[in-house]
Protein chains: 2
Amino acid sequence: MSDPICPGSIERLLEILEGKWTLLLLRHLFNGIKRFGELRRALHPISPKTLTDRLRLLEERGIVTRTVYSEVPLHVEYQLTERGRRLEPIFIAMGVWVQSEASDPKNELVSKSLSS
Amino acid sequence: MSDPICPGSIERLLEILEGKWTLLLLRHLFNGIKRFGELRRALHPISPKTLTDRLRLLEERGIVTRTVYSEVPLHVEYQLTERGRRLEPIFIAMGVWVQSEASDPKNELVSKSLSS
DNA sequence: CAGTATCCCATTTGATACTG
DNA sequence: CAGTATCAAATGGGATACTG
């Protein structure tokens with residue numbers, strides 16, 4: 001109880017971040033507004049179904065907005081909401097970790113994959 | 001290419017964080033050395049199989065160490081490695097997000113679950 | 001105590017073809 | 001272009017009982 005863990009709420013976050021492609025998808029959205037096709041290419045070889053599923057879920061969770069432009073060549077834009085943008089520090093921290101990995105020489109890593 | 005995304009490496013991180021219980025599990029390990037039973041109770045109702053699977057995976061990835069004490073009542077301790085501890089900023093960032101959620105009144109949230 | 005061994009089920013993800 | 005519809009395949013997770 002001296003434990004600063006606030007259960008339930010972190011799970012709200014897990015519901016957002018879970019899924020094989022979600023982190024990768026969000027990373028791209030931090031770079032700005034993206035269209036379905038762009039994301040699909042960026043996350044290749046993700047299937048359209050999976051991409052749609054993820055985007056819909058993020059939409060429901062209030063992380064991204066979906067804007068349809070019914071003009072001649074139809075297109076749709078996905079953009080992070082404010083709530084979504086508040087996730088950025090998490091990704092920045094992830095980037096820092098990745099950097100620390102790259103620069104740290106004593107990466108003992110997986111002995112398993114080395115022996116095979 | 002102006003995009004600061006370093007592919008491949010972030011996926012190394014995803015391999016570590018993926019899985020239903022991993023985040024929750026790591027959170028507990030940041031609180032110090034834990035024994036199997038402790039983790040099991042803390043993550044209840046996780047199954048022993050799943051807990052073992054996750055711990056083994058984190059071990060392989062160099063995130064935790066497993067120390068066996070073959071004394072009378074056998075016990076095993078799990079502890080974060082240095083590499084594992086470097087993940088903490090990510091969790092702190094997650095905590096910050098959760099806090100921001102709690103304090104932010106304009107949580108539009110899921111319209112779906114509200115209407116049902 | 002700290003797992004392992006099995007078996008099963010549910011959810012995710014993927015492949016592909018088709019549509020407003 | 002941006003999906004949806006379908007069905008199959010893969011994976012992960014869970015329940016339970018047993019063991020060093």
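Proteins come first, then strands; the chains are lettered A, B, ... in the order of their sequence lines, and each starts at number 1. The basis for the numbers below is simple: all heavy atoms, side chains too, and nothing from hydrogens, waters or symmetry mates.
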How many Å lie between NZ on B:Lys34 and P on C:dA2, as a whole number? 13 Å
Would you indicate which nucleotide in C:dT4, C:dC1, D:dG12 comes nearest to any side-chain atom of B:Arg35? C:dC1
Is it the case that D:dG13 (base atoms only) and B:Lys49 (side chain only) share a donor and an acceptor within less than 3.5 Å, ignoring hydrogens and angles? yes
Of the listed nucleotides D:dA2, D:dG13, D:dT16, the one nearest the side chain of B:Pro48: D:dT16
Between A:Glu101 and B:Arg83, does at least one N-O distance fall below 4.0 Å, as a salt bridge requires? yes
Counting side-chain heavy atoms from CB outward, which of D:dG12, D:dG14, C:dG3 is closest to B:Tyr78? C:dG3
Under 4.0 Å between a side-chain N or O of B:Arg66 and OP1 or OP2 of C:dG3? yes
Roughly, in whole Å, what's the span from CG in B:Leu74 to C1' in C:dG3? 9 Å
What is the distance, to the nearest angstrom, from the CZ atom on A:Arg40 to the P atom on D:dA2? 10 Å
Nearest-angstrom distance from the residue atom CG of A:Leu51 to P of D:dA2: 10 Å
If I take atom CG in residue A:Leu55 and atom P in nucleotide D:dC1, what distance separates them, rounded to the nearest angstrom? 16 Å
Pick the nucleotide of DNA chain D nearest each of A:Val76 and B:Ile46; which residue has the one closer to the 5' end? A:Val76
Tell me: CG of A:Leu14 to P of C:dT12, nearest whole Å? 14 Å
Thinking salt bridges, do A:Arg61 and A:Glu15 make one under a 4.0 Å N-O criterion? yes
Report the distance from atom OH of A:Tyr69 to atom P of D:dC1, rounded to the nearest whole Å. 17 Å
Side chain of A:Thr52: nearest nucleotide among D:dG3, C:dA2, D:dC1? D:dG3
Roughly how far, to the nearest 0.5 Å, is CD of A:Glu88 from CE of A:Met94? 12.5 Å
Does the distance from a Lys or Arg side-chain N to an Asp or Glu carboxylate O, for A:Glu60 and A:Arg56, drop under 4.0 Å? no
Distance, nearest 0.5 Å, that separates NE2 of B:His28 from CZ of B:Arg41: 12.0 Å
Could you tell me whether the phosphate oxygens of D:dG13, OP1 or OP2, come under 4.0 Å of any side-chain nitrogen or oxygen in B:Arg54? yes
Does D:dG3 have OP1 or OP2 sitting under 4.0 Å from an N or O in the side chain of A:Arg56? yes
Under 30°, 30 to 60°, or over 60°: which ring-plane class applies to A:Tyr78 and A:Phe36, parallel, tilted or perpendicular? tilted
Pair partner, C:dG20 [Watson-Crick or wobble, under 3.5 Å]: D:dC1
Of the candidate nucleotides C:dA17, C:dA2, C:dT13, which contains the atom at the shortest distance from the side chain of B:Phe36? C:dA2
For C:dA15, take OP1 and OP2 only and decide whether either is under 4.0 Å from a side-chain N or O of A:Ser47. no
Could you check which of C:dA2, C:dA15, D:dG14 has an atom nearest any side-chain atom of B:Trp21? D:dG14
Just the rounded figure in Å: distance from P of C:dT13 to NE2 of A:His44. 17 Å
